[in-house]
Structures are given as C-alpha cells and as structure tokens.
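Heads up: the structure comes next, in structure tokens.
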Amino acid sequence: MTVRMGLIRKKQDWSFDDFNHYWRDRHGPLAARAPGLREYWQNPVTDRLQRGIEFARGPWDFDGFSQLWFEDAKQADHAFGNSGIAAELVADEQHFLGDLHIVTAKQSVVIPLPAEGERRQLLKRISIIKRLPTMSEEDFRREWRIHGDHVRRMPGVSAYRQNVVVARERIKGQPCPYEDLPIDGIVELWFKDAHALDAAFSSPTGQATMAHPKSFLHEITAFVVDERRVV
C-alpha cells in the first residue's frame, strides 16, 4: 500500500491544545470519509528533543504528522484531488493549519508492531532524515536498508518502520522537486518508555548503530509523538 504523510503546523494563533482537539474531533472524522482510505493515524508532537542521538537537527518544526494508507498512489490522488470530499478537506485545513506539506512514501517494516492494545502503551518517535549532499538517492536507500539490520540488534526497540519518500508536495496538491522539500525518509521507532529509548541508544550496540548514519545522513530531526487511530 501507499502511505501519504502530512507534515503539519498549526496556525500561530491557535494553542496546541485547541489545534490537537480540533484535529482529533473535527478534522479526523472528515478525513476519514476519504474514498479508498484503508487506515488513518494522527501523531501529535509531544516533544522535540533529539533524545539519545548526537546529530545535526534540521530546520523542521512540526506540530503533528498524519498517516493515511491507500491501495496505491492513484487512489490517494483521487481522494485528495478530485473526489467529492476534496474541496471540503482543503477548506477545513485552511481553517486550523498554518502549514501543510505532503510526502508519499514506500514503507518497510523492519521490526513489526505488537498488537494494537500493547501498541497503545508504547512511546513513539518520528524522525525526519536528510541524506548527505554527496550521497545519491540510490546509495542513500541502500545504506538505510543496511541500517535497518543494525537497529534490529539494538536492545529495547519495540518496533521500527522506514518510510522512503518517493513524492513531495511542499504545497498540498502541487508536486515539487527534491530541492523544495529535501526530506529523504521518515523513521518510526517505538519503545516501552523514555527510559527504554535512552537505554537503547546509550548501549554499546546503540552507539555502534548510530555511528553508521554518519556515513550517509546529513540531518536527523526527531520528535516524540502520541499516536491515535482514526480509521
């Protein structure tokens, strides 16, 4: 399936609580009506600390991440481009969002998630990654796959997914080149809690694992998020 991810900033004059409640209670049910939608999760940001990694942080500052799964990219384009709900969604986004970028990603499950009941108890971290300027897209993807093997050996990692960005819209509905939205991938990591996260990265295996990205990544911008399922 195709996963479409929204990189979201609230309007400046909205409090985070007002934004979060509106996203959950008003916009979520509206977006859930998108034709062809298979699954939909919202990820409001709870902190912006790097937590356990020593890496340059990028310029990104988001308040939330949406994730919407479709059978393929054509269904996603129809749902948000010319379906009966498309215009209503845009109007609602303009009501409570200050900025919205869209990336379409090919997702790989490296460490599978537990059952949903257990998943609700986990801490989740989302990270935006950008490759080194000297690294080709093909080489980045190869090295990131190799990195997944390192993460599998880290203690305390409950689940791990890699989202390779294959299309970008700095402005929703307007495809853009890499230079306008230089994001190569989005990492999803789950841990039992913040202590488990810190212990995983501070372990000898964790330190060795995080030495590897220096060979292919320029920036890692990490966010801890809550997550909730809408569909």
Side-chain angles (χ1 to χ4, degrees), residues 1 3-10 15-29 31-32 37-53 55 57 60-70 103 105-129 144 147-164 185-210 213 220-231:
M1 287 194 293
V3 58
R4 179 182 171 96
M5 304 182 72
L7 317 180
I8 293 169
R9 294 188 189 93
K10 66 179 180 64
S15 71
F16 180 80
D17 284 344
D18 286 345
F19 151 76
N20 195 23
H21 292 155
Y22 189 93
W23 188 23
R24 180 191 64 200
D25 300 331
R26 299 290 297 276
H27 188 75
L37 181 63
R38 303 289 293 274
E39 193 171 332
Y40 172 27
W41 290 74
Q42 296 177 340
N43 300 269
V45 170
T46 59
D47 85 34
R48 295 164 172 79
L49 300 177
Q50 292 291 74
R51 286 190 178 274
I53 58 174
F55 226 97
R57 188 174 179 88
W60 313 109
D61 186 15
F62 297 116
D63 296 296
F65 300 84
S66 60
Q67 295 173 288
L68 301 98
W69 282 261
F70 293 84
V103 297
K106 179 180 179 181
Q107 187 172 88
S108 298
V109 177
V110 181
I111 301 175
L113 279 154
E116 194 164 325
E118 182 180 348
R119 175 178 177 174
R120 290 195 186 102
Q121 307 304 314
L122 299 177
L123 177 145
K124 180 179 181 181
R125 186 169 82 175
I126 287 179
S127 300
I128 296 170
I129 60 176
W144 198 16
H147 186 67
D149 294 330
H150 290 281
V151 175
R152 283 190 184 96
R153 295 191 287 269
M154 283 178 62
V157 179
S158 298
Y160 174 38
R161 294 195 301 213
Q162 296 178 340
N163 298 277
V164 175
I186 297 180
V187 179
E188 297 175 89
L189 279 164
W190 287 261
F191 301 87
K192 181 180 178 181
D193 51 31
H195 175 74
L197 185 159
D198 291 336
F201 283 102
S202 63
S203 69
T205 305
Q207 291 180 21
T209 296
M210 291 313 297
I220 301 176
T221 309
F223 303 84
V224 172
V225 301
D226 285 333
E227 62 171 1
R228 54 182 176 244
R229 185 169 190 169
V230 182
V231 174

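Quick note: residue numbers are just sequence positions, from 1.
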**Asked** Is it the case that E188 and Q67 place a side-chain donor and acceptor less than 3.5 Å from each other?
**Response** yes
**Request:** Before giving the answer on side-chain hydrogen bond (donor to acceptor under 3.5 Å, both in side chains), spell out for E227 and W190 the whole-Å C-alpha distance, their side-chain angles and the decisive distance to 0.1 Å.
**Result:** CA-CA 11 Å; E227 62 171 1; W190 287 261; 3.0 Å; yes
**Prompt:** Run the side-chain hydrogen bond (donor to acceptor under 3.5 Å, both in side chains) check on K106 and N163 step by step: do they pass?
**Reply:** CA-CA 6 Å; K106 179 180 179 181; N163 298 277; over 6 Å; no
**Prompt:** Measuring from D198:CG to S203:OG, what's the distance to the nearest 0.5 Å?
**Reply:** 11.0 Å
**Message:** Given 3.5 Å as the limit, does a donor-acceptor pair link the side chain of R51 with the main chain of L197, or not?
**Reply:** no
**Item:** Test side chain to side chain contact (heavy atoms under 4.5 Å, CB included) applied to L7 and I186, step by step
**Value:** CA-CA 11 Å; L7 317 180; I186 297 180; 4.0 Å; yes
**Request:** Apply side chain to side chain contact (heavy atoms under 4.5 Å, CB included) to the pair V151 and T209, showing each step before the final yes or no.
**Result:** CA-CA 7 Å; V151 175; T209 296; 4.0 Å; yes
**CZ on F191 to CZ on F201, rounded to 0.5 Å** = 4.5 Å
**Prompt:** Is a side-chain N or O of S127 found less than 3.5 angstrom from the main chain of V187, in a donor-acceptor match?
**Reply:** no
**side chain to side chain contact (heavy atoms under 4.5 Å, CB included) between S66 and I8, worked out** = CA-CA 8 Å; S66 60; I8 293 169; 4.2 Å; yes
**Complete:** Interatomic distance, CG@L122 vs CG@L113, rounded to 0.5 Å, equals 8.0 Å
**Request:** May I ask you to check if R48 and W60 form a cation-pi contact, with NZ or CZ under 6.0 angstrom from the six-membered ring centre and within 45° of the axis?
**Result:** no
**Prompt:** Is the side chain of R120 donor-acceptor paired with the backbone N or O of R228 at a distance under 3.5 Å, no angle test?
**Reply:** no
**Request:** Using the six-membered ring wherever Trp is involved, compare the ring planes of F62 and F223 and label them parallel, tilted or perpendicular (cut-offs 30° and 60°).
**Result:** tilted
**Qualifying salt bridge (charged side-chain N to carboxylate O under 4.0 Å, His left out) pairs with a residue from residues 148-159, counting only residues at least two apart or across chains** = D149-R152
**Request:** Please answer whether the main-chain N or O of W144 pairs with a side-chain N or O of Q162 as donor and acceptor at a distance below 3.5 Å.
**Result:** yes
**Message:** Looking at every non-hydrogen atom in both residues, tell me the closest pair between V225 and T46 and how far apart they are.
**Reply:** N-OG1, 3.9 Å
**Request:** Considering non-hydrogen atoms only, spot the tightest contact between H147 and P213 and give its length.
**Result:** CE1-CG, 3.4 Å
**Prompt:** When rounded to the nearest 0.5 angstrom, what distance separates NZ in K124 from CG in D226?
**Reply:** 10.5 Å
**Request:** Could you tell me which non-hydrogen atom of M1 sits nearest to which non-hydrogen atom of F70, and how far apart they are?
**Result:** CB-O, 3.2 Å
**Prompt:** Looking only at heavy atoms, which two atoms of N20 and P44 are closest? And how far apart?
**Reply:** OD1-CB, 3.5 Å
**Request:** Find the distance between NE2 (H27) and CD (Q42) and round it off to the nearest 0.5 Å.
**Result:** 7.5 Å
**Message:** To the closest 0.5 Å, what do you measure between NE2 (H150) and OG1 (T205)?
**Reply:** 11.0 Å
**Asked** Where do I126 and N43 land on the side chain to side chain contact (heavy atoms under 4.5 Å, CB included) test, with the steps shown first?
**Response** CA-CA 9 Å; I126 287 179; N43 300 269; 4.0 Å; yes
**Asked** Between R24 and W41, is NZ or CZ placed under 6.0 angstrom from the six-membered ring centre and within 45° of the ring axis?
**Response** no
**Heavy-atom closest contact (I53 atom, M210 atom, distance)** = CG2-CE, 3.6 Å
**Message:** Please check this pair: side chain of R229 against backbone of Y40, looking for a donor-acceptor N/O pair closer than 3.5 Å.
**Reply:** no
**Prompt:** Crowded around H195 NE2? As in, over 12 foreign heavy atoms under 6.0 Å?
**Reply:** no
**Message:** Could you tell me if R4 sits above the aromatic ring of F65, with its cationic atom closer than 6.0 Å to the ring centre and no more than 45 degrees from the axis?
**Reply:** no
**Fill in**
Between A32 and V231 the two heavy atoms that sit nearest each other are CB-CG2, 3.5 Å
